[in-house]
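Data first, discussion second: the structure below is written as C-alpha cells.
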Amino acid sequence: MNVVKNPEALSPKDYATDQEVRWCPGCGDYAILKAMQKTMAEMRAPPEKTVFVSGIGCSSRFPYYMATYGFHTIHGRAPAFATGIKLANPDLDVWVITGDGDGLSIGGNHLYHALRRNVDLQIILFNNEIYGLTKGQYSPTSRRGTKSPSTPAGSIDNPVGVGSFALGCGAGFVARSIDTTMKHLAEVFRRARGHHGTSFVEIYQNCIVYNDDVFDSFTNRKAAADMQLLLEHGKPLIYGKDRNRGIRMKLGSVGLEAVTIGENGVGEDDLVVHDERNRDLALLLASMQTPDMPVALGVLYCQPGPTYEVLAREQMDEAVAARPGANIEGLLRQGYTWTVQN
Amino acid sequence: MNVVKNPEALSPKDYATDQEVRWCPGCGDYAILKAMQKTMAEMRAPPEKTVFVSGIGCSSRFPYYMATYGFHTIHGRAPAFATGIKLANPDLDVWVITGDGDGLSIGGNHLYHALRRNVDLQIILFNNEIYGLTKGQYSPTSRRGTKSPSTPAGSIDNPVGVGSFALGCGAGFVARSIDTTMKHLAEVFRRARGHHGTSFVEIYQNCIVYNDDVFDSFTNRKAAADMQLLLEHGKPLIYGKDRNRGIRMKLGSVGLEAVTIGENGVGEDDLVVHDERNRDLALLLASMQTPDMPVALGVLYCQPGPTYEVLAREQMDEAVAARPGANIEGLLRQGYTWTVQN
Amino acid sequence: MSSAALKEPPLPRQELESAVVRFAGDSGDGMQLTGSQFTQSAALAGNDLATFPDFPAEIRAPLGTTFGVSAFQINFGSGEIKTSGDALDMLVAMNPAALKVELNGLRAGGIVVVDQGSFTDRNLRKAGFDANPLNDGSLDKYRVIEIDISRLTMEAVAEFGLSKKDGLRCKNIWTLGLVYWMYERDRQPTVDWLKSKFAKRPDIADSNIAALNAGHAFAETAELPEGVTGFHVRPAEITPGLYRTVTGGHALAWGLVAGAKLAGLPLFLGSYPITPASPLLHILAGLKEYGVTTFQAEDEIAAVCSAIGASYAGSLGVTSSSGPGIALKGEAIGLAVGTELPLIVVNSQRAGPSTGLPTKTEQSDLFQAVYGRNADSPVVVLASRSPSDCFDVAIEAVRLATKYMTPVILLTDGYIANAAEPWRIPDFSAREEFPVRFRTDPEGFQPFARDEETLARVWAIPGTPGLEHRIGGIERDYDTGHISYDAANHQRMTDVRRAKIDGIAKDIPLQEVDQGRAEAALVVVGWGSTYGPINRAVSHLIGEGYDVAHVHLRHIWPLPDNLGELLKGFDRVLIPEMNTGQLSVVLRSQYLVDAEGLNKVSGQPFKISEIEQAIRDRLGG
Amino acid sequence: MSSAALKEPPLPRQELESAVVRFAGDSGDGMQLTGSQFTQSAALAGNDLATFPDFPAEIRAPLGTTFGVSAFQINFGSGEIKTSGDALDMLVAMNPAALKVELNGLRAGGIVVVDQGSFTDRNLRKAGFDANPLNDGSLDKYRVIEIDISRLTMEAVAEFGLSKKDGLRCKNIWTLGLVYWMYERDRQPTVDWLKSKFAKRPDIADSNIAALNAGHAFAETAELPEGVTGFHVRPAEITPGLYRTVTGGHALAWGLVAGAKLAGLPLFLGSYPITPASPLLHILAGLKEYGVTTFQAEDEIAAVCSAIGASYAGSLGVTSSSGPGIALKGEAIGLAVGTELPLIVVNSQRAGPSTGLPTKTEQSDLFQAVYGRNADSPVVVLASRSPSDCFDVAIEAVRLATKYMTPVILLTDGYIANAAEPWRIPDFSAREEFPVRFRTDPEGFQPFARDEETLARVWAIPGTPGLEHRIGGIERDYDTGHISYDAANHQRMTDVRRAKIDGIAKDIPLQEVDQGRAEAALVVVGWGSTYGPINRAVSHLIGEGYDVAHVHLRHIWPLPDNLGELLKGFDRVLIPEMNTGQLSVVLRSQYLVDAEGLNKVSGQPFKISEIEQAIRDRLGG
Ligand SMILES: Cc1ncc(C[n+]2csc(CCOP(=O)(O)OP(=O)(O)O)c2C)c(N)n1
Ligand SMILES: Cc1ncc(C[n+]2csc(CCOP(=O)(O)OP(=O)(O)O)c2C)c(N)n1
Ligand code: SF4
Ligand code: SF4
Ligand SMILES: [Mg+2]
Ligand SMILES: [Mg+2]
C-alpha cells in the first residue's frame, strides 16, 4: 500500500496514511501524532519493520494514522499482543499506544507484566485523566473529586501515580512528556526507541472535550518554567524561570525537597544530580507532587538489561545447538518404542 | 454452624472449622493459619462479622479452614469480590487471601486497583515464588533462571518486587512477615486489621514441595539476625546478630546503604530512623535487595486516609439528605409528563 | 426553487395518519434538543410516537464532516407507532453533510428542508459533494424546501445583540418553528422550556423564542414551495393516564431500582463503561438516594465479581456491559451459577464481532447468553422488547434472580437503550412485592439446603451470627455444601442446578400470541427490539387479510411451558433476528420445529416493510 | 486367608481375553511408575491396551489418607481395547486408604492384592476404617491376595544395606514382580530400565531388581490363595509397525509441532497453567529445538492475545487452557474472527461449572466452543477422540486455521490428556504438506482480499516491504479493509465470515459410519473421549446381533456435509455425552432429528456397560 520509494529521504508525510484523522478538533492527540511522524522520519525508521499496536480509546486510534503496520486490538490488551508479535519476530520495532483507561484501568495487568518482563517495546501512554472515547467517565488517573457521568457526585478513589506505578512494576525505562512540546516529545520518542527493553512513556495529553486544561497548572505557558523540571542525565536538578530553583535531598529525613539557589545558603552543589541509572532517585522523582514540587519531565529512569525476546531466542538457539537435526520423525520415536511384526 | 457461646473467651479453636486441612505436610501455610486463628482469638474478632475471601491456589484454600464467613472465588479476582462485599456491608471485616500467582499474575490488576482505591480490606499475599496448586510452574515472583515445568531451561523474566509494586499502586499500608515467625506475623495481622484502608501484607511462605527453602538465605536460623531488618516506627534501622549493623542514606548519591556501627566513624545517629508515614523511605526499604542489604520486615508504610466504602456511604447519605422522601413513584414522574384524558 | 408563492388563502392541511421526521445536522447544531422538543409537542398533541436519536460514532468530529452528523428521528401518528419509522417523510438537513448522509432515508416525494445558507463551497467540499445538490437535479424526486435559514435566523434575532456565533445557534429553533407550523404544533411549551432553560441568559431565551416564532411565521405566511402544504395528524386513541417519554436506559435503571425495592434489597451495580451500556451506569450513579451503590470497576471482570460479592453480602448485585464486555464475565457468571447467588447481568447488545460497530444495534448475543459459558451452567435469560418494556423486564429479572438464587441475563440493545417512546406511568404501589427472606436461624442450617418447590438454596449473609459458612467454586456437597469430589454428588448437583432453572418455566406466564390466530398459516416469532417492526408488519398484513400471527418472547430461557405446543399449531414459523439465526437454533433444537430465519446483520433495525415483504413472500400476494 | 498352598503342579493358567488392573497406593508409593512398567510389558506381549493415571486432587496429601491415593489403571487384552476398563479384574492396594477408595471399582470375584504389612491400626484409622477390612468379612465377595509385602520386600533387599525407608520404596517393584508372574510378563525390560534409571545408584537398582524377582518368585512358588491362578492373555491382532504408548498431552503437542512443520511456520504457544491443560505447555516448553516458542502469560487473556499477536507476525499462534480459562479468551477470539487470523485454541475440558472438579473429566464446553462468544463469530471446532487421535486432530486444526485464516477450537479433555494408548507411529514423511504462502507482492494488495474458493483473506505479515496496512476489531471494508461503518458492508462481511466457515464443510471428509449399518435401527452418535466406550459397546452388541451403529464426529463445526442425510437414515439417534446434552442441541437444531441424549455428568467417563445398557433399553433384549 505504502511503497516507500527512497528510504534515505523519508519525510513525516511518508508516515501518514490516507485515512482521515478523526479526533476532536483541538485534541492533544494531533500533536503527538505529528511528533511521532516527524521523529520516525528523522530516525529513518523502516515503515515495513515498524508495528503500532493499540487497545481501544481515542488514543488507540493512533495506528490507523501511521503508514506502518498497525493493529488496533481490544481494550487493555495491547501489551499482550505486542509481546506475541515481538516474540514471533524480534526484528520488528514494536510500539504500543495506550490511554489511561486502556493501559491503567482494564489493561493494568498487561502493562505491569510487560514492564516486568522487559520485552523490547515502546509503550506510549496518552494520559488525559479521562475516558475520552466512551464520553467522559473518570479514569484511574483522574483526581479525587472528578465529576463525570459515572461519578456525578465526584470520584472517590485515589488516582494512581503513573510513573510510580511503572517503576513499581519493574520498568527499566520511564519517561514523561507533554503533547504540545514537539521537541521534547521527539527526544523522548528517540530515547525510548533507543532503549533495549520495555520503554514506558507517559504523555500528558489534553482532552479538549471532557477534561480540558486539566494539566494547565504546569503546561500553560506562564507556569511551565516554574513547574516543569526538565531532566538531563548528569546535570543538577535545576528549574524555574530564573533557573534558581533546585531539588535536593531533605536533611534529617528521607525524600526530596525544592529549594531556591542562593537562599538559606543553598548552592548548586547541594542539588541532586540527575542519574538515569539510579532507580531510587527515579522513585522519588516520580512521586513529586505539584504544587510544592515541579513535575519531572524527560527520562526519569533508564537501566538497560537483557530483554525477554532476546533471552527467549537464546534459549531456542541453545536447544537447537544441543539437539542438532531434531526432526518430527525423531520426536515421535523418543522414549520407549516396540515393533509389532507381521 | 459455628455458634459461638461466649464471645468474651474465644480461643484459636473457635476459629477453626471441622474441615480436614489439606495442604502438603510441612507447608508453610499451616503456620500462617495457626497464627491467624490465634490472632483472631486475641483480637476477639467476631466470627459472624468476619469474611475471608480468596482466589484460587493452595493459599486460597485458607477460608475453608477459618470458622468465619468464607468465599473461595475464582483465580485472581478476590479483591474485586471483597470490594463488592465491603461496599455492600461496610460493617464486615473483610480479609483477602491470595498467592503470588493469584494476586500478582492473573490478579495483578485487581490488587492494584484495590490498593489504589483504599477499600478497607486486609490483603494477605502468601508469596512462595511458585504456583503450588498447579504443580510448580514459576510465578511472577520467581527469580530469573527458575527451572519449572513451564520453564525447563530456566525462567527469563524479572521477578516483581512485591512491596515496590504495592507502593507503586498507591498502597497506604504495606507490611511483610514470614510464615514461621508466629509472633511477628500476629503483630502484623493486628496492625493490618487496625489500619483503615487497604492493608497489604506479604508473607514469605515456604512451599516445601515445589520451592523448598527458597527464602532460606534470610529465614534460616543462622542467617535471620543478619539478614532481617525488623522495622519499628521511630527506631533507627539497626539489625544484625550483634545489633551493630544499620541503614543510612548514601552520601553523595540517592539511596540507602548498609553500614556497621562503629566502623568508619558511623554512629547510631547516622542511621535512618524508621518513619512508617514516609512513603519515600518505604519505597527505598521495599527495594532493598539481599545479599547486600537485609530484608525489611514489619510495617514498611502506614498512611491512613479516607477509605473508599466510607466515602461511598457518605455520598449516599448526602444524596438521601438532599432528596428526602425519594420514592419510586416520584422517580418515574421526574421530568416532563403529560396527561391523556378520557 | 425558492419560493415566490402568491398570497392566496392557505391550502387546506393534508390529513396524515403518521409521519416520520428526521432532524439532522452537525454535532453542534442542537439536533437532539430540537428532536426532543418536537417529541414533546407530538406527545402533547396526543399522537402515539417513537423516537431514535442517532449520534455520530466520533466524539466530536470536525465541523461539517459527514461523520460528524447527529440526527434525531421521530415517528408519530394517530395509530399505533412502535418504531421510529421505515422511511422519512421529512428530512431536515442543517448542512450539506447531513443531506449527504441522510438523503437516502427519505422516501421518494418526501420533503427535505435545507438551510441554503450552509451550502457554501467549503461545506460542500467537506461533505464530499462534487457539485451542489441543490442545483444539479439530484433532489428532483423530493419536494425541497430550500431556505436560507442562517440568514433568516440572524435577522430574527438581530434585535437581541447576540454575537454571530450565538445568533446562529438559534437556527435549530427557527427550523423547529417552521416544522411546528407544518404539523400544527403548539409553540408554548417550547417557549416555556426556553425561558426556564435560559433563565440566567434572557437574551438567549428571547432570541430563541424570536427565532421560533419567525420560523413559524415564515411557514404560515405560505412562503413554501408549490405542492407543499401543512399537515394534520390526528391524536391517537391512547389509554388515559399520566404519560412520559422514556428511553430504554432510563426504564431499565428505574426497573432495577423498583425491583430491588420490591425485593427489599439495596441495589449494587458494578460496571465498566462501554457503548451502548454506559447509560445504565450513568443513570444509576445519579440515584444514590434510592439506596443504589454504583461502582465503576477497573474492568468488566472486576465489575461482575464485585456484583457477586455484593449479592453474597446481601445486596442485589447487578452488572452491565455490552457483548465484548459480557464475554469477559463468563467465568465469574459460572461462579454465581455454582454458588447459587442472585445476579443480574444486563447486556446492551451492539454490532460485532469484536469491537464491531459499537454505536450500531444487533441482537447477536443470544447464543452467548444462553450457551456462552464453560460447563453446564444454565441461567435465566430475558429480553426486553422496547424502551418502556425494560421497566417490567428488569423487575422480572430481580424477581427471578432472588427467588431462584440464580444469575439472570437481561438482553437489551443499543437501539432500545437510546430510543424513546411514550409510557403510561405505572401505578407502582399496586405492584406485588416479593421480599427476600435471609436465613437467620442457625438451627439445622445448611448453606445449600433447598426450597422444595423452587429448588433455590437459602440465602445466608455475612453478619448473621451462627451461620458462618464457606462457599466456593469447587463442587459442593448436596447436603452440607462442603467441598465434594464425589461422582454421584456432582451428577446430583448438576441435575438440580438444571432442574431449578427448568422449573422456572412453571413460574412464568404461558406464551401468548401477540396478534393473529393461534393456528395461523404463518407465525412470526421475535424477541427483543424487533418487536416494533414485527408488530406493525403483522398488524398491517392482518388488516390486509393475511393469516399471520405474531409471538414475541420475553423469556428466552427457560422458555414458556406451552411454547412448543403453540408453535406446532402454526403451519410455518418465521424468525426475524438481527443476527444470523440464534433464536432459530434454540427453538429448532427445543421443539424440532422447522423455523426459518429472516436475518439482518447490518447494524440497522428491521424496517416494517422488510418484514411485510418476507411474510408476503411466504404467504403469497 | 493367608496362603498355605501345597506344592502341587502349578494350576494351568486361565485364558483371558482382557484384564483390567489398577495399581493404587499412597502418592509416594510409586504407582505411576509401576503402572507404566506394567504397560510396557503388556505392549511387549503384543496386547492392545489403554491406561489411565488417576492423580489425587491434592498436591501432596498427608501419608495414608484417602485423598492422597494415587492410582494407575490399565486395560489390556487380545481384542480391541480402547478404554481403560469398566470394572477392575485386579486391584493392587498398597495401603488401607487405597483399598478404601478403590474397592468399589473391583468387580465381584475380582482379585485384590493387599500389603498386609500396611494395615496397621494407625493406617486403618487414617483411611477411615472402623474395623480391619481384612478380617471383618467385607472382602468376602472378592478373591484376596493378602501378603506382607513390606516385610517380604525388606527381606528381599536386605543384602544391599539400604535404609529402611529406601528399602521399603522397593515395595512397588516387588508387587510388580508378583503381577508380572500372574500375567506371564517378561521381567527383563524392567530390569534394564531399573539399571539405566539408577545407573548412579547401583545399590538401588540391585535392590529393586531383587525385589522384582522376589515378588515374581513368590507368586511362582504358588503361595497364592485357593482359586487364584496365573493368567494368559494372548497377543492382539495388531497392525505391524513401530509402536509406542502415547498420552493425549504428548500426541497433541507433537501434532501441533508436526502441523506447524507441514505449514512451514514456527509455532508459538501462549498459555497460562491450569489443570488439566498444563501438560501441553510443559511439553511444548521442552521442544524449543523444533522452533517452538512458549510463553507463560500473566493470565489466559494475555495468553490468547499473545498468540494472536504471534499469528499476526507470521507464526502459528496457539493458546491452550481449560473451560474457565477459555471463558476468559472469548473476547479476544472474537478479534481473531474479525481480523481473520489463524489461531488454535485448545480446550482440555474438565468438570464444571466454575472451578468445579478440576481433576475430573467432562465434555461440557461444546456450547462454549460453538456458541460461546458475543456476536456472530463462527469458528471451526474439532474434537479428538482418544490420546493418539490428538495427533491427527492437531494437524487438521493447523491445516484449517492457516488455510482459512480462522480460529480453530480443539476440544480435548482431562481424560484424554492423561490417558495413554499404544500408537503405531505414523510415517510423517508421507504426510501432505500445506505450506502457507504469505502475501509479498505490493501490486494491488488489499489486506482483506479473499481467495475465491476458500474465502480466506491474504496473510501479509509485518516486515514485508510495501504491504504496510492496519487491521483491527472495528468492522472492515470488504474491499480495502479500512474501518467501515457502512450498513451494507457489515451485512456483507457478516455473511462472508459465515460463508467461509460453512464452506469448510466441503473441505473435510464426509462423515463415515464407524461401525454398523448405515441405516441401522439405532445410531449412537458421539464426539470426543466417549469414543472408546461407545466403540466397545456397539461392537459387543453388533456381535450379539443388535442392529446398532456408531458415528463419531471429529468436525463439530462446521459439520460434515452428509451428516444430516446420514442421520436421517437411522430410526433412532442416541447421543451419549458427558454433559447435559450439548451436541444434541447442535444436531437437533441443524437437522431436526429427534436425537436423544444419554448424559452423564459425574466427572467420570462412561462405562461400556452403561452405553450397552442404554442401547439394549432402546432396542430391547
Ligand atoms: C472490553 C471493553 N470494555 C470497554 C470498552 C469501552 N471502552 C472503549 S475505550 C474506553 C476507555 C478509553 O479511555 P482511555 O484509554 O483513557 O482512552 P482515551 O479515549 O481517553 O484516549 C472504554 C471504557 C471496550 N471497548 N471494550
Ligand atoms: C482462570 C484460571 N486460570 C488458571 C487456573 C489454575 N490455577 C489455579 S491456582 C493457580 C496458581 C496458584 O499460584 P499461587 O497463587 O501462587 O498459589 P499457591 O498455590 O502457590 O499458594 C493457577 C494457575 C484457574 N484455577 N483458573
Ligand atoms: S474525546 Fe478527548 S481525547 Fe478523545 S478525541 Fe476528543 S478531545 Fe481527544
Ligand atoms: S504445593 Fe507447596 S504451597 Fe501448595 S500445599 Fe504443597 S507445600 Fe504448600
Ligand atoms: Mg484517557
Ligand atoms: Mg504461590
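Numbered from 1 within each chain, the chains take letters A, B, ... in sequence-line order.
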Taking the side chain as everything from C-beta on, heavy atoms only, tell me whether B:Tyr69 gets closer than 4.5 Å to C:Ile461. no
With rounding to the nearest 0.5 Å, note down the distance linking CD in B:Glu309 to CZ in C:Phe295. 11.5 Å
Answer yes or no: are there more than 12 heavy-atom neighbours, outside C:Gln188 itself, under 6.0 Å from its atom CD? yes
One should read off an interatomic distance between B:Gln334 CD and C:Ile425 CD1, to the nearest 0.5 angstrom, of 10.5 Å
Chain B contact via C:Pro426 - side chain, backbone, both or neither, heavy atoms under 4.5 Å: both
Would you say NZ of B:Lys135 has more than 12 non-hydrogen atoms from neighbouring residues, nucleotides or ligands within 6.0 angstrom? yes
So, the part of C:Leu341 with a heavy atom under 4.5 Å from chain B: the answer is side chain
Are there residues of residues 315-332 of chain B whose heavy atoms fall under 4.5 Å of chain C's heavy atoms? If so, which? B:Gln315, B:Met316, B:Ala319, B:Val320, B:Arg323, B:Ala326, B:Asn327, B:Ile328, B:Glu329, B:Leu331, B:Leu332
Under a 4.5 Å heavy-atom cutoff, which of C:Pro235, C:Pro240, C:Gly472 has the most pairs with chain B? C:Pro240
Quick check on C:Ala332 against chain B: is it the side chain, the backbone, both or neither that has a heavy atom closer than 4.5 Å? both
Chain C interface, residue from B:Tyr308, B:Phe71, B:Tyr64 that has the most non-hydrogen pairs under 4.5 Å: B:Phe71
Tell me, for C:Ala43 versus chain B, whether the close heavy atoms (under 4.5 Å) come from the side chain, the backbone, both or neither. both
Please find the pair of heavy atoms, one from B:Thr68 and one from C:Arg470, that lie closest to each other, and give the distance. O-NH1, 2.8 Å
Decide, yes or no, whether a salt bridge links B:Glu314 with C:Lys288 under the criterion of side-chain N to carboxylate O below 4.0 Å. no
Which heavy atom of B:Val51 sits nearest a heavy atom of C:Pro462, and at what distance? CG2-CB, 3.7 Å
C:Glu237, CD: over 12 other non-hydrogen atoms inside 6.0 angstrom: no
If you measure from NE2 on B:His75 to CD on C:Glu331, what distance do you get to the nearest 0.5 Å? 9.0 Å
Side chain / backbone / both / neither for C:Ser429 at chain B, heavy atoms under 4.5 Å: both
Looking only at C:Thr293, C:Ile238, C:Ile301, C:Val257, most heavy-atom pairs under 4.5 Å shared with chain B are made by C:Ile301
Rounded to the nearest 0.5 Å, what separation is found between the OH atom of C:Tyr312 and the CG atom of B:Leu92? 8.5 Å
Pair C:Thr245, B:Trp338 - check side-chain contact (heavy atoms from CB on, under 4.5 Å), show working. CA-CA 9 Å; C:Thr245 58; B:Trp338 70 95; 3.7 Å; yes
Check against side-chain contact (heavy atoms from CB on, under 4.5 Å), B:Thr339 and C:Tyr243: CA-CA 6 Å; B:Thr339 303; C:Tyr243 279 79; over 6 Å; no
Answer yes or no: are there more than 12 heavy-atom neighbours, outside C:Arg431 itself, under 6.0 Å from its atom CZ? yes
If you count heavy-atom pairs under 4.5 Å between each of B:Gln341, B:Met66, B:Arg333 and chain C, which one has the most? B:Arg333
Among B:Lys86, B:Arg117, B:Arg313, single out the residue with the greatest number of heavy-atom pairs under 4.5 Å to chain C. B:Arg117
Nearest heavy-atom pair of B:Ala88 and C:Ala313: which atoms, and what distance? CB-CB, 3.8 Å
Quick one, B:His72 and C:Thr339 - any side-chain contact, counting heavy atoms below 4.5 Å? no
Would you mind checking which part of C:Trp193 comes under 4.5 Å of any heavy atom in chain B, side chain (CB onward), backbone (N, CA, C, O), both or neither? neither
If you compare all heavy atoms of B:Glu48 against all heavy atoms of C:Thr464, which two are closest, and at what distance to 0.1 Å? CB-O, 3.6 Å
Between C:Leu335 and chain B, which part of the residue has a heavy atom less than 4.5 Å away: side chain, backbone, both or neither? side chain
Non-hydrogen atoms of chain B under 4.5 Å away: do they reach the side chain of C:Val246, the backbone, both or neither? neither
If I measure from the heavy atoms of chain B, does C:Ser311 come under 4.5 Å with its side chain, its backbone, both, or neither? neither
Distance from C:His482 atom NE2 to B:Glu20 atom CD, nearest 0.5 Å? 12.0 Å
Between C:Asp427 and chain B, with a heavy-atom cut-off of 4.5 Å, which part of the residue counts as in contact: side chain, backbone, both or neither? neither
Among residues 94-112 of chain B, which residues come closer than 4.5 Å to chain C, judged by heavy atom distances? B:Asn109, B:His110
Under 4.5 Å between any side-chain heavy atoms of C:Thr39 and B:Tyr336, yes or no? no
Could you tell me which portion of C:Pro266 (side chain, backbone, both or neither) has an atom closer than 4.5 angstrom to a non-hydrogen atom of chain B? neither
State, to 0.1 Å, how close C:Cys305 and B:Ile74 come at their nearest heavy-atom pair, and which atoms those are. SG-CD1, 4.3 Å
